[in-house]
Amino acid sequence: MFRLLIKHGTTLFVSLFGLTLLTFVLSQQGDEALHAYQSSSFIGQYFEYLQLLFAGDWGFSSIHNRPVLSDFLLHFPATIELVLLALLFAIIFGLTLGIMAANRRGKWLDNTLMGITLAGYSMPIYWWGMLLVLLFSLTLGWTPVAGRIDYIYDIQPVTRFMLIDSLISHSQYGMDAFFNALLHLVLPAITLSTIPMAIIARMTRSSLLGVLKAEYIRTARSKGLSQQRIVWVHALRNALIPILTISGVQISIIMSGVIITEYIFAWPGVGKWLLEAVSRRDFASIQAGILALSLLVIAFNLALDLLASYMNPRLRRPS
Amino acid sequence: MTLSNTKLAWQVFRRNKSAMTGSLILLIIVLMSLVGPWFAPHDPAQQFSDKILTPPLWYDNGEFLTPLGTDDLGRDMLSRLLHGARLSLKLTIMVVFAAAFIGILIGAAAAFLNSGLRTLLMRFMDLLLSLPSLLLAIAIVAIIGPGLPNAVYAVVIVLIPQFVKVTQGAISEELGKDYVMATRLDGAGHTRLLLHHVWPNIIPALIVQLTFSFSTALLDIAALGFLGLGAQPPIAEWGTMLSEARAFIQFAPWTMTLPGLAIFLTVLSINLVGDGLRDAFDPRLNR
């Protein structure tokens, strides 16, 4: 356990050092200095920058005239809402498709599903999002083109999660506002979930097929258990471990994807905010956005590593 | 990798239908990017002001001289797509080989470092790998400024860590094997060991990584173009063309569907080839 702590400790230390160095360099760009540093040396200024970060002072955006951290937090719930729904789609459909394919190994269903998932992970999502808009919004008229909710609804920002806020304003609009918000969320979430869903489906299939070859599965089969029970109860649990370990990659794919998705659907989250900051050369915001999103990914990966070593004792010994 | 191993891999690859289909599509795309610009009916930047947003041939009012239609400035889509193919493939190849060269050098050096330094270096690579690639690219573009060359540098930097990891992992695995010990006992130095004995055995892993990097690089360069951080508008680049088409999705869907289809087909065929290569080189599946 101690060696495990050391391993994760070094990872975390190197990560935070590298990351803050990058954002420090970012904060040095542009015409006006982010902070009035007392030190004149690079190293001295870097440590002052770290002190300010820990104190919660992430800089001030001269374009929005606000502290960048509060600006980031303002846009963050919209992103979280989109990411969580996309993750939910990806996990539910990815697992289902993967299990279906593994159950029908080599049959036409397996081949079809693998073809679809291959197309899924080769998909440029900036094109896929626009295709979905062309089909479902412009041709069929089922979903709105962009935004989080129609302007006729005057939703009070309480939690800034539109699904929750629209439910809070229930007395005013009934369920209409909620369904409207949900409808706005569907296309961006599908766009964002496509690649992770394809990867999860393929991983589930190959991992499950690997586990199904194990001796204990043969034992279960010889006990007379049904194929369904073997797959769902005995095999799936072990097959999920490798899927859990690649979730770190998934989250970084989703974070890249959310920037593009928000851009396509004019979704007012941190991705769109970050891109606007880049086009306006607002380095205070760029620096804060990249730092905050990266910290999130690092924290997620760390939690995942700990969870994986908790679930699989073989991983506890560092290599 | 001896000749017989290459032959064996080719035997497996040749029987893989989807991999062969992918190779065929990829071959056609590469050929089009090589000779296409000479056959392109028009200059990609030439604007026919009387033919703005002409639809492709399969529409009722399509015109024969602009078979895939024109965009919002009256530029011929076919010519722009063909020139875009050459640009995209050229950039992708440059990016991947630059990243592979740097990554393999670092990875090979890392395999022979002492364990403390190696851990530190590999943890740093883990950090770069765990960060969202687009976020990293945006950070780099923000520092050095938007534009095609800078976007290319950004994608090179984003791709390097994967090559470092694969190279270091493969070399470390080989170094633990008996034949390496035997060669060492024969008095071979690091360089000789690496170039003559270990290198041939890690080529398959590197080829597979190289193939998948092509699709990542193509997608990322186009993504930066789409977000306005890469190639800037007059340039016929697939991602930039998609970005320009955003405003015309409803009235001129072909300006959006065609460049995207080009990206999709190219990435799909590269991934098919990559999957096929991985299966062909993986000895566990060969049996």
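Below, each value reflects all heavy atoms present in this structure, side chains not excepted, and no hydrogens, waters or symmetry copies. Quick note on labels: first sequence line is chain A, next is B, and so on, each numbered from 1.
Both the backbone and the side chain of L131(A) come within less than 4.5 Å of a heavy atom in chain B. In this structure, the portions of S133(B) lying under 4.5 Å from any heavy atom of chain A include both its backbone and its side chain. Both the backbone and the side chain of A222(B) come within contact range of chain A, each with at least one heavy atom under 4.5 Å from a heavy atom of that chain. Looking at I298(A), only its side chain comes within 4.5 Å of chain B, counting heavy atoms on both sides. Using a 4.5 Å cut-off between heavy atoms, I286(A) contacts chain B through its side chain alone, with no backbone atom that close. L261(B) touches chain A through backbone and side chain together, each having a heavy atom under 4.5 Å away.
The nearest pair of heavy atoms linking F124(B) to G18(A) is CE1-CA, 4.2 Å.
When each of A277(A), A119(A), G289(A), G257(A) is scored by its heavy-atom pairs under 4.5 Å with chain B, the top score falls to A119(A). Taking V25(A), I259(A), L138(A) one by one and counting their heavy-atom pairs under 4.5 Å with chain B, the maximum is reached by L138(A). By number of non-hydrogen pairs under 4.5 angstrom with chain A, the leading residue of P253(B), P259(B), A223(B) is A223(B). Among the candidates V278(A), I251(A), L293(A), L134(A), the residue making the largest number of heavy-atom pairs closer than 4.5 Å to chain B is L134(A).
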Run the numbers on L275(A) and L229(B) for side-chain contact (heavy atoms from CB on, under 4.5 Å), then give the verdict. CA-CA 9 Å; L275(A) 285 174; L229(B) 303 171; 4.1 Å; yes
Give the intermediate values and the outcome of side-chain contact (heavy atoms from CB on, under 4.5 Å) for residues V14(A) and T119(B). CA-CA 10 Å; V14(A) 174; T119(B) 311; over 6 Å; no
Just do the side-chain contact (heavy atoms from CB on, under 4.5 Å) check on D275(B) and R202(A) with the steps written out, would you? CA-CA 12 Å; D275(B) 274 354; R202(A) 293 176 81 85; 3.1 Å; yes
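The backbone N or O of L224(B) sits nowhere less than 3.5 Å from a side-chain atom of Y126(A) that would complete a donor-acceptor pair.
Annotation: the span from Y121(A) atom OH to S215(B) atom OG amounts to 7.5 Å, rounded to 0.5 Å. Rounded to the nearest 0.5 angstrom, W127(A) CH2 and F226(B) CZ are separated by 13.0 Å. Here the OG-CG distance, from S252(A) to L134(B), works out to 10.5 Å after rounding to the nearest 0.5 Å. With rounding to the nearest 0.5 angstrom, the CG atom of L118(A) is 6.0 Å from the CG atom of N271(B). The structure places CE of M255(A) at 12.0 Å from OG of S130(B), a figure rounded to the nearest 0.5 Å. Taken from CG in L135(B) to CG in L274(A), the straight-line distance is 6.5 Å, to the nearest 0.5 Å.
None of L242(B), L219(B), V267(B), T266(B) except one satisfies the side-chain contact (heavy atoms from CB on, under 4.5 Å) rule with P124(A); the exception is L219(B).
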